[in-house]
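Here is the structure we will look at.
Residue numbers begin at 1 in each chain, while the letters A, B, ... track the order of the sequences.
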Number of protein chains: 2
Amino acid sequence: MANLKQLAQSLGLSITTVSRALDGYADVSATTRERVRQAAKQAGYHPNASARRLRKQRAELVAVTLPSEPGHIGPAHFLEMLSGCAEHLAAAGLNLVIAPVPSGESELDMCRRFVDGQRVDAMLLVRTKRHDERVEFLQSRGIPFVTNGRTESTIQHAFIDGDGLSGFRRATLRFYDAGHRRIGHIAGPQAYFFAHERKKGWEAAMNDCALPTDLCIEQAPTEQGGYEAALELLNRPDRPTALVCATDEMAIGALRALREVDGGDLISLIGHDDLPIGAFTSPSLSTMRMTGGNLGHSFASLLLRTIAGEPPETLQELHAIEFVDRDSHHRSSPVA
Amino acid sequence: MANLKQLAQSLGLSITTVSRALDGYADVSATTRERVRQAAKQAGYHPNASARRLRKQRAELVAVTLPSEPGHIGPAHFLEMLSGCAEHLAAAGLNLVIAPVPSGESELDMCRRFVDGQRVDAMLLVRTKRHDERVEFLQSRGIPFVTNGRTESTIQHAFIDGDGLSGFRRATLRFYDAGHRRIGHIAGPQAYFFAHERKKGWEAAMNDCALPTDLCIEQAPTEQGGYEAALELLNRPDRPTALVCATDEMAIGALRALREVDGGDLISLIGHDDLPIGAFTSPSLSTMRMTGGNLGHSFASLLLRTIAGEPPETLQELHAIEFVDRDSHHRSSPVA
DNA sequence: GTTGACTTCCAAAACGTTTTGGTTGATCTT
DNA sequence: AAGATCAACCAAAACGTTTTGGAAGTCAAC
């Protein structure tokens, strides 16, 4: 509650000395330092954050912009990731503020507001688009940032991402090896880098196998989107015997479609993200996930290293995808 | 990028006048004000946030502490709520920082850190416990706060909550009216107010109907917890014919247990929260939800009113619970 | 031509830190 | 005993705003 001035006065010392004592500088005698520490503790003194920020020219804040797709903010494990990230950042004296994009404003406007008011020291971008205007903007302003998901920008920037192309390619090939010849893809919005990448992975595998790539539908990355896409694919005359879904949420929606159509219980399916709920669906959901431990922590440490000035080229993590096999990916042995 | 001083110099005006022109004070002539506005826009001037905060003695920040149950941070719609809240707060110039509790630290320590460093103007508490030490602390420090969920504290504080007791009582009575006589409850951790309240609602109904209240198991508020609790109840000789589950996540876990045991497909079940995924489970999940529109917005506006100094007694919202009927709650007509 | 009211502007203080560039004495060197 | 070194402390500036308490000029009234 008290401030430095009052504390100094009560100790008969100067503000300078008290400040330096608390910060552990060597030009304060050990006895004085201890005396100051005691008094500070006693008085419940904590430096005023705004004052320190002003003086140090650091906001001690990092913002993460939240995409605001109507009705659906993102995968269910998003908050967990942010929480892990915030925890790691807090250990370095940085707090994480969440910045949802208000309706009628662009994600770029959001960034501008935080950056131009010098409200943040750095930014976190999630759900990056293939062409993401935020990247160019932050780069031009010289604000450190890390993205969760790559972009197609020529600008080098720090990112952390899963190798979705490889994952979806391998998943598709695995279906091929199991005898499937009509393998469909339920794709997410192609403006997102991750969704495009996953589709490319599926396409690459289909091309490898000399199979047509028309069994694909793009939909919203939600259960409802997955449900609708699956229904549409299943109603085609050449309906697929296996489905590769861009996300677990879409896959869960697709599962419902499979339950609703004749013979749907023979169709195999795989998702991506490894949501905890996947173990409890019917059938249980086979899926994929990024390797590499706590995503939030990695995200935070990349950001700290970016702030510290390490060059972006050395701060790009592309993690392998691993399969999490449950029941949904081997429900039949189709005859070709 | 520029600051007030440079802007003033380039305009041949004083810092005072420029500042007041931008803030729209009446003691600046209209022509000057316009000239200043143009120049500010041109120079891309935005006031430095730290400086304003220091001067105005406001942090312009609100923190929300995130509970850190191992492996599970909370219901899937949590982030959506926070996002709505942050959006509303941002319109009032406040940013929302998320404060996960690091391992080895208590939620109280978290609060202390934010409050004592004058880092925040107010706090949001979610997942309140029946005896929540954070409430006493914040009250003693005079920091405005709103809780999501009531507490058993004698202190009056602003809150927003659903009437879980009534909801669970009615849900249980509905099962009774449908002919069920062995109605079980899968309870959440009783330290949480909401979990205790919901259990009390179930108990009240059971007492009303002169039924025993031993068909109850407390578990972690996760799919896994619900699964384990349901398995245990279903293995009892007097196993329930209907289950009232504290949360949708637990209910979804319980659904898997029902699929795994003989006759489980005849057991009725209801959850609470109305997670979007409930429409896609097998069977689709009957559930309940709090009425009252966008929770995040209400939360934010309660907080703003608390900051404005309205007395807490007038800032307590207890919302009714409404049923969302799908398939899981009427799977059989049990004979008594 | 003095008074008061009004408009338009501004110098300086204040917010609470951190940091710069010292000063003061004591101790050590030669 | 003069000079150099060192330990321990401090005054003042700086960070960039907002706000207080005027000052200077204009105009109308008498």
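Residues A/R55 and A/V28 each lie close to DNA chain D; by heavy-atom proximity, the contact nearer the 5' end of the strand is made by A/V28. Position along DNA chain C of the nearest nucleotide to B/A26 versus B/L54 favours B/A26 as the more 5'-ward residue.
Under the ring pair (Phe, Tyr, Trp, His ring centres under 6.0 Å) criterion, A/H297 pairs with A/H88, not counting sequence neighbours. Residues that satisfy the side chain to side chain donor-acceptor pair (under 3.5 Å) test with A/E310, not counting sequence neighbours, are A/R305.
As rounded to whole Å, 14 Å separates atom C1' of D/dC9 from atom CG of A/L11. In this structure, the CZ atom of A/R35 is 14 Å from the P atom of D/dA8, given to the nearest Å.
A donor-acceptor contact under 3.5 angstrom links the side chains of B/Q156 and B/Q316, judged on distance only. Under the 3.5 Å distance criterion, with hydrogens and angles disregarded, no donor-acceptor pair is assigned to the side chains of A/T16 and A/S19.
Counting only heavy atoms from C-beta outward, the side chains of A/V18 and A/K5 never approach each other to under 4.5 Å. Side-chain contact check for B/F159 versus B/E317: every heavy-atom pair is 4.5 Å or farther apart.
Once you apply a 4.0 Å limit to the heavy atoms of chain B, the touched nucleotides of DNA chain C run 5' to 3' over C/dT8 to C/dG16.
Residue contacts for A/L13: at a heavy-atom cut-off of 4.0 Å it reaches the sugar-phosphate backbone alone, with no base atom in range. Within 4.0 Å (heavy atoms only), B/N48 reaches sugar-phosphate atoms of the nucleic acid but no base atom. Within 4.0 Å (heavy atoms only), A/S19 reaches at least one base atom of the nucleic acid. At a threshold of 4.0 angstrom between heavy atoms, the contacts of B/R53 with the nucleic acid are absent. A/S50 comes within 4.0 angstrom of no nucleic acid atom, judged by non-hydrogen atoms across all strands.
Legend: salt bridge (charged side-chain N to carboxylate O under 4.0 Å, His left out) pairs involving residues 27-48 of chain B, not counting sequence neighbours, sorted by first then second residue: B/R20-B/D27. Residue pairs meeting the salt bridge (charged side-chain N to carboxylate O under 4.0 Å, His left out) criterion with at least one member in residues 148-157 of chain A, sequence neighbours excluded, are A/R130-A/E152, A/R150-A/D161, A/R150-A/E197.
At a cut-off of 3.5 angstrom, counting only N and O atoms as typed in the model, there is a donor on one side and an acceptor on the other between the side-chain of A/T16 and the base of D/dA11.
Relative to the ring axis of A/F145, A/R134 does not place its NZ or CZ within 45° and under 6.0 Å from the centre.
For the helix from C/dG1-D/dC30 to C/dT30-D/dA1, the rotation axes defined at the first and last 5 base pairs enclose an angle of 60°, given to the nearest 10°.
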